[in-house]
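Below is one structure, written out as structure tokens; the observations come after it.
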Amino acid sequence: MKRRLSMLLAVAMLATSLAACSSGGGSTSQSSEQPAGETPATSTETPSSEAPSSEAEPASGEQVELKLWHYYSGDSAQDIVDLCNRYTSEVNPNVKVAVTMLPFGDFKKQLSVSSAASSLPDMVFIDNCDAVAYAAMGMFADLTEAMKDNAEIAKYYEGIMKTGYYDGKLYSVPSVSNNQGIYYNKDMFEAAGIQKVPETWDEVRETAKALTKDGVYGFGMSAVSNEEGTSQFLPFKIAAGDEDMYSLDSEGGLRALSFLTDLVKDGSMPKDVISWSQSDVGTQFKTGKIAMMMMGCWYINEYEEQNPELNWDVFPIKDKTFGTIYGGENLAVINGPNKDAAIEWAKWFMSYDINKEWNFKMAHFPAREESLTDPEYTANPHWKTFLELIPYTKPRPADPKWPEISLGYQLALQEALTLQKTPEEAVKDGQAMIDAARG
């Protein structure tokens, strides 16, 4: 009873502290860091607000209804329904999956409320950096034994698999993955007489200066005070040669923040980036307000399908090395009476063909070697940079305290990019917050 009460209190606290963790978004696929606005909760199969009433796994041959929660909107919401219907028609006619879409901003709160009411679903798609926090509370089923001999799971890169582990056990698996690069407007480059993409940070800075004119900024990113800001800063820190995500006041952390601050000082990036979401940045780019932007692969489909007039491409973030982090969602199975059936669904979903089909529709990728040479990806030149970066992509720590740790990065960005404090002062303030969060 005490353990149950502790879990409920922890979930309630977590729901108020967690911000979006994984990079994602676009108007056709609501993924991770782009809020879903005021969209009401929508059940696309049958209502899934009630917990499974059975006390034990249904006997073989009996109909099982699994409840799956997600926060994707637009076409992606229907894609999930189609995927689940496929499982019933092609794999197991005795298992039906009822899908419910919740607004992104309400997702974690609803998990908290449903945990208290014992009405959790059977499966959830959840930000990969949030997954470990819920695993630590005992909400997710331990998948270690079920997946230990799974040949498909074994093919996923170690970095992305780390996002699903807590205390040496596997609690979630990567459903969609993404990474980041720098998008640039090819027409603006040509008009400014710029014949090649920047290869160093100094060249990025000079190019941004040359492109800043007539109400257009040379560079833009999201530095908003939530995980979107953290996830857009970390690739620069990694590129500076520093992969230690608990260390902000390091040489690499200071170099990355100084570079971004210099863009603001040059007038090449507006201070407004401290309030820009990733969705805001994407809009600024497609409307010609910024010439380069830090962004993930999830905009590929939207720009190609909805903005065919936009002439753009992508180059990598590189300083001492390539810098990019894993965004996306993990699939977790809830500890409950239907967990065995849910685990079987998860195994099917993680096969490459099924998982690739889902990822490709979302402009994401399965984080495994096959993606690098898959004809569907390689046939599209806009995927080139993102594919090349997959082996270099790093995970954020699988740490239940990450949401609090992330606040240190957000503080430093806000202080430095508003020019209220120097980068040296800002990284020290941010590091103090990180250290306090870690205890």
Is [X] reaching over with its side chain to a backbone N or O of [Y], donor-acceptor style, under 3.5 angstrom?
X	Y	answer
Glu227	Pro403	no
Thr283	Ser279	yes
Thr324	Asn179	no
Tyr409	Ile434	no
Gln278	Ser222	no
Asn178	Gly327	yes
Asn355	Met350	no
Asp127	Asp130	no
Asn330	Ile126	no
Ser177	Gly328	no

Rounded to the nearest 0.5 Å, how far does [atom2] of [Y] lie from [atom1] of [X]?
X	Y	atom1	atom2	result
Ile390	Glu388	CD1	CD	10.0 Å
Ile182	Ile317	CD1	CD1	5.0 Å
Tyr377	Phe386	OH	CZ	12.0 Å
Trp69	Met123	CH2	CE	13.0 Å
Lys394	Leu234	NZ	CG	13.0 Å
Leu260	Met221	CG	CE	5.0 Å

Assess whether a salt bridge exists between [X] and [Y], defined as any Lys/Arg side-chain N lying under 4.0 Å from an Asp/Glu carboxylate O.
X	Y	answer
Lys237	Asp242	yes
Lys361	Glu357	yes
Glu302	Lys286	yes

A side-chain contact here means heavy atoms from C-beta on lying under 4.5 Å apart; do [X] and [Y] qualify?
X	Y	result
Ile160	Asn128	yes
Leu417	Phe233	no
Glu344	Val95	no
Ile354	Arg86	yes

Open item on the list: Evaluate Gln284 against Asp280 for side-chain hydrogen bond (donor to acceptor under 3.5 Å, both in side chains), listing each step before the verdict.
Closed with: CA-CA 6 Å; Gln284 292 286 325; Asp280 294 332; over 6 Å; no
Open item on the list: If you apply the rule side-chain hydrogen bond (donor to acceptor under 3.5 Å, both in side chains), what do you find for Ser351 with Asp353, and how did you get there?
Closed with: CA-CA 6 Å; Ser351 65; Asp353 288 344; over 6 Å; no
Open item on the list: Evaluate Gln232 against Gln180 for side-chain contact (heavy atoms from CB on, under 4.5 Å), listing each step before the verdict.
Closed with: CA-CA 8 Å; Gln232 292 225 323; Gln180 309 80 31; 5.7 Å; no
Open item on the list: Ring centroids only, cut at 6.0 angstrom: are His364 and Trp358 within range, meaning strictly under it?
Closed with: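 No - the distance between ring centres of His364 and Trp358 does not fall below the 6.0 Å cut-off.
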Open item on the list: Set out, in order, the CA-CA distance, both residues' side-chain angles and the distance that settles side-chain contact (heavy atoms from CB on, under 4.5 Å) for Met295 and Val281, then state yes or no.
Closed with: CA-CA 8 Å; Met295 191 54 66; Val281 178; 3.8 Å; yes
Would you say [X] has more than 12 foreign heavy atoms packed within less than 6.0 Å of its [atom1]?
X	atom1	answer
Lys384	NZ	no
Glu251	CD	no
Glu90	CD	yes
Tyr392	OH	no
Glu145	CD	no

Open item on the list: Quick check with a 6.0 Å cut-off and a 45 degree axis cone: is Arg438 positioned over the face of Tyr246's six-membered ring?
Closed with: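 Arg438 over Tyr246 ring: yes.
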Open item on the list: For the residue pair Lys318 and Phe322, would you count it as a cation-pi contact if the rule is NZ or CZ under 6.0 angstrom from the ring centre and within 45 degrees of the ring axis?
Closed with: yes
Open item on the list: Between Lys356 and Glu370, is the side-chain contact (heavy atoms from CB on, under 4.5 Å) condition met? List the steps.
Closed with: CA-CA 9 Å; Lys356 189 283 292 284; Glu370 291 98 319; over 6 Å; no
Over 60° means perpendicular and under 30° means parallel, so classify the ring planes of [Y] and [X], tilted if in between.
X	Y	value
Phe107	Tyr71	perpendicular
Tyr166	Tyr171	tilted
Tyr184	Phe315	tilted

Open item on the list: Let's go through Asp142 and Asn335 carefully: what are the C-alpha distance in whole Å and the side-chain angles of both, what is the deciding distance for side-chain contact (heavy atoms from CB on, under 4.5 Å) to 0.1 Å, and is it a yes or a no?
Closed with: CA-CA 8 Å; Asp142 180 358; Asn335 256 328; over 6 Å; no
Open item on the list: Run the side-chain hydrogen bond (donor to acceptor under 3.5 Å, both in side chains) test on Asp374 and Tyr352 for me, step by step, so that the C-alpha distance in whole Å, both residues' side-chain angles and the decisive distance to 0.1 Å come before the verdict.
Closed with: CA-CA 11 Å; Asp374 189 301; Tyr352 181 74; 2.7 Å; yes
